[in-house]
There are 2 protein chains.
Amino acid sequence: MTITIYDVAREAKVSMATVSRVVNGNPNVKPATRERVNEVIKRLNYRPNAVARGLASKKTTTVGVIIPDISNIYYSELARGLEDIATMYKYQTIISNSDNDPVKENEIFNNLLSKQVDGIIFLGGTLSADTLAMIQSTSVPVVVSGTNDGDESLPAVNIDYAQASTEIIERLLEQGVKRFAFVGGGYSEKARQDVQAGIERVLKEHNLALDPAAVYKGNEQYLDGEKAFNALKDTKPEAILCISDEQAIGIVHAAQDAGIKIPEELQIISFNNTRLVQMVRPKLSSVMQPLYDIGAVGMRLLTKYMNEEDIEDKNVILPYKIDYRGTTK
Amino acid sequence: MTITIYDVAREAKVSMATVSRVVNGNPNVKPATRERVNEVIKRLNYRPNAVARGLASKKTTTVGVIIPDISNIYYSELARGLEDIATMYKYQTIISNSDNDPVKENEIFNNLLSKQVDGIIFLGGTLSADTLAMIQSTSVPVVVSGTNDGDESLPAVNIDYAQASTEIIERLLEQGVKRFAFVGGGYSEKARQDVQAGIERVLKEHNLALDPAAVYKGNEQYLDGEKAFNALKDTKPEAILCISDEQAIGIVHAAQDAGIKIPEELQIISFNNTRLVQMVRPKLSSVMQPLYDIGAVGMRLLTKYMNEEDIEDKNVILPYKIDYRGTTK
DNA sequence: CTGAAAGCGCTAACAG
DNA sequence: CTGTTAGCGCTTTCAG
């Protein structure tokens with residue numbers, strides 16, 4: 001029924017070892033033999049069984065991808081970059097949603113390891129102590145993209161979040177902005193902390209402080225933007241920094257609905273830089289993260305680990321740009 | 001090094017068959033034995049090798065998902081529904097981007113089959129003759145969600161696109177709208193045709209016809225909305241039906257930038273119903289497709305095929321609703 | 001350049 | 001309830 005390497009060998013009058021060599025591009029096969037084998041492969045429509053191959057070779061050419069929410073554009077954009085590179089290096093990807101739930105995340109790691117993936121790339125979530133311990137005890141390489149583990153022990157690809165927020169705040173201060181608000185949370189607590197740290201650093205240099213009431217944590221979706229706006233409006237912010245674009249758009253609309261002029265009375269800037277930023281009026285100002293590249297470079301880094309190549313730099317910091325569009329002055 | 005079922009067996013002083021039974025929840029094990037085995041499993045931190053298991057059992061509890069573009073919200077929303085059901089039934093998913101390229105699509109099918117997936121779910125793309133032939137010649141079940149193959153031979157989950165467009169056109173005609181335009185294309189040619197057929201049917205009943213110059217095909221992204229608007233504006237449409245939300249939003253903005261009042265002078269309605277519809281002002285009117293369910297039901301259908309359950313209905317038509325929001329009168 | 005043979009780690013009859 | 005025994009389909013020494 002399903003035809004195997006053995007069928008091909010018999011039909012081509014060679015041993016299965018030779019068929020294996022042909023299939024794997026081993027040069028030690030006489031051209032004539034190779035041709036004959038290839039002819040039989042085509043004729044019989046032979047398709048190598050990757051599972052058997054994986055068992056025998058202890059390599060599956062498969063990498064696992066852990067993502068908090070695939071329907072979040074930020075992550076699907078990272079996934080896109082990473083997939084392209086994976087394909088380029090002939091790896092398949094198993095993408096799993098963790099829902100940012102530590103238990104699910106742990107299960108996913110377990111599944112992935114039991115599937116014998118050659119590597120894992122982690123795009124955001126919690127990375128509980130349990131999971132971290134599991135990672136430490138396995139020899140399967142793990143790379144983190146677009147977020148960070150708590151102690152930065154894992155190889156990672158990121159931008160400098162703190163630096164970006166620092167820059168933004170400095171500019172706003174020059175404009176005379178006094179009251180800031182910060183909205184973040186959700187999938188990457190570490191990035192959130194970095195951004196907040198950056199804000200507080202500059203503010204402190206100017207003998208100012210971030211009002212705790214002006215810090216909103218919560219989900220990162222559109223409707224959470226409304227909630228955030230309502231929660232913050234009593235602090236009368238003149239500028240809001242918001243991690244998520246989608247949520248920032250919610251804030252823009254909630255503010256507009258409340259009769260607040262953007263950017264004249266309220267400036268808004270986001271960090272995710274998905275293609276949503278151009279889909280609002282005024283267009284959303286944001287930190288231009290190279291999303292595709294964060295995914296792509298992460299996967300490239302992982303391939304280096306999987307092939308045991310030299311790693312120059314296990315922590316890659318990619319450049320960012322700040323694009324001041326319509327929601328800032 | 002990596003510990004196997006054999007190590008557990010030796011340590012627990014049972015045969016590997018017994019360990020296998022415990023791991024697989026086979027009831028034919030004395031509780032005391034089961035407990036002892038479980039203790040050893042935990043102590044040794046044994047993790048079954050899914051690859052070996054797959055080879056021996058000829059089942060991988062993995063399904064392949066083929067998607068034209070994971071960063072397209074429409075598809076990532078389907079993927080979300082499908083993933084949840086897959087997880088519920090203990091299947092893992094391998095998601096691959098086809099980029100709507102027949103060659104890549106074919107390769108993906110090949111890879112998936114060589115990985116011995118238990119089933120495949122197809123979310124949109126081309127389904128070339130080659131690929132269709134490959135599907136026919138394999139015993140691995142394939143289900144299509146949110147689109148259709150040309151001859152509807154494969155099990156599929158959809159809404160009635162033609163009916164939806166018919167309804168929309170009838171309403172617009174009642175309002176006295178005379179000049180229609182249609183924008184579609186991209187990932188599901190079949191859905192596009194269905195929508196267009198629906199439009200033309202009603203128009204014909206009213207002795208009208210769709211101006212060929214008022215039909216625009218192309219990509220489905222925001223910037224393509226601008227292009228579409230420019231290409232169509234000479235036909236002076238009073239209403240535009242557009243498959244993609246993202247593209248529809250592009251049209252809305254392009255029209256607004258041209259000084260056209262929406263919905264007074266131009267009505268716009270889309271079909272994808274992603275959460276983008278609420279992220280524009282005015283809010284986008286659209287056909288409310290049950291995206292999550294289209295994915296979820298597709299996966300459920302696939303599990304039935306994989307378990308060889310009875311199938312009542314290989315073509316599932318899910319209900320839709322039309323939500324007339326701000327971009328229609 | 002080619003073949004023989006020994007597994008990879010597990011499941012699944014088959015006995016008992 | 002438990003153990004023995006064949007494989008699953010392929011890669012990989014090791015000889016020659």
Side-chain angles (χ1 to χ4, degrees), chain A residues 1-38 40-41 44-62 110-111 113-118 138-140, chain B residues 1-38 40-41 44-62 110-111 113-118 138-140:
Chain A
M1 319 193 322
T2 75
I3 77 122
T4 73
I5 198 173
Y6 187 74
D7 300 318
V8 176
R10 187 167 22 74
E11 197 76 5
K13 301 187 196 313
V14 294
S15 72
M16 43 191 293
T18 298
V19 178
S20 175
R21 288 190 189 97
V22 171
V23 168
N24 292 296
N26 185 316
N28 293 346
V29 182
K30 204 201 301 182
T33 315
R34 173 185 309 280
E35 206 170 319
R36 186 150 41 89
V37 171
N38 273 325
V40 174
I41 287 179
L44 263 46
N45 217 319
Y46 167 65
R47 177 186 298 126
N49 181 325
V51 174
R53 191 196 298 228
L55 183 59
S57 70
K58 295 171 169 301
K59 282 197 181 346
T60 55
T61 61
T62 303
N110 234 316
N111 284 333
L113 292 176
S114 90
K115 282 246 152 86
Q116 315 301 116
V117 295
D118 297 336
T138 174
S139 58
V140 175
Chain B
M1 321 194 317
T2 75
I3 76 123
T4 73
I5 200 172
Y6 187 74
D7 300 317
V8 176
R10 184 166 25 71
E11 197 77 3
K13 301 187 199 311
V14 294
S15 73
M16 43 191 294
T18 298
V19 178
S20 175
R21 289 190 187 97
V22 171
V23 168
N24 292 296
N26 185 316
N28 293 345
V29 182
K30 205 201 300 183
T33 316
R34 175 186 307 281
E35 206 169 319
R36 188 151 39 89
V37 171
N38 273 324
V40 175
I41 286 177
L44 262 46
N45 217 319
Y46 168 65
R47 177 186 298 126
N49 180 325
V51 173
R53 192 194 297 225
L55 184 58
S57 70
K58 296 173 169 299
K59 281 194 181 350
T60 55
T61 63
T62 303
N110 234 319
N111 283 333
L113 292 176
S114 91
K115 281 246 153 83
Q116 315 301 115
V117 296
D118 296 337
T138 174
S139 58
V140 174

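Below, chain A is the first sequence line, B the second, and so on; all start at residue 1. These numbers come from the heavy atoms of this one structure, side chains and all, not from hydrogens, waters or symmetry mates.
Nearest heavy-atom pair across Val51(B) and Gly54(A) is CG1-C, 3.9 Å. In plain terms, the two heavy atoms of Ala50(B) and Lys115(A) that are nearest each other are CB-CA, 3.9 Å. Smallest separation of non-hydrogen atoms from Thr60(B) and Asp118(B): N-OD1, 3.1 Å. The heavy-atom pair separating Asp7(A) from Thr2(A) by the smallest distance is OD2-O, 4.1 Å.
Axis angle between the ends of the helix from dC1(C)-dG16(D) to dG16(C)-dC1(D), five pairs each and rounded to 10 degrees, works out to 30°.
A straight line from CG of Asn26(B) to P of dG3(D) spans 13 Å, rounded to a whole angstrom. Rounding to whole angstrom units, CG of residue Asp7(A) and P of dC8(D) are separated by 11 Å. Taking atom CZ of Arg34(A) as the reference point, atom C1' of dT2(C) lies 13 Å away to the nearest angstrom. When the P atom of dC8(D) is taken as reference, atom NZ of Lys115(B) falls 22 Å away, rounded to whole Å.
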Footprint string (nucleotides 9-16 of chain D, 5' to 3'): B base within contact, S backbone only, - free, heavy atoms under 4.0 Å: BBBB----
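Looking at Ile41(A) and Val23(A), their side chains come closer than 4.5 Å, going by heavy atoms from C-beta outward.
Donor-acceptor pairing under 3.5 Å is recorded for the side chains of Asn110(B) and Arg47(A).
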Under the criterion side-chain contact (heavy atoms from CB on, under 4.5 Å), I'd like the reasoning laid out for Thr4(B) against Asn49(B): C-alpha separation, chi angles, the key distance, then a yes or no. CA-CA 8 Å; Thr4(B) 73; Asn49(B) 180 325; over 6 Å; no
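Within the 4.0 Å cut-off from OP1 or OP2 of dT2(C), at least one side-chain nitrogen or oxygen of Thr33(A) is found.
Atom CG of Asn26(A) is separated from atom CG of Asn28(A) by 5.0 Å, given to the nearest 0.5 angstrom.
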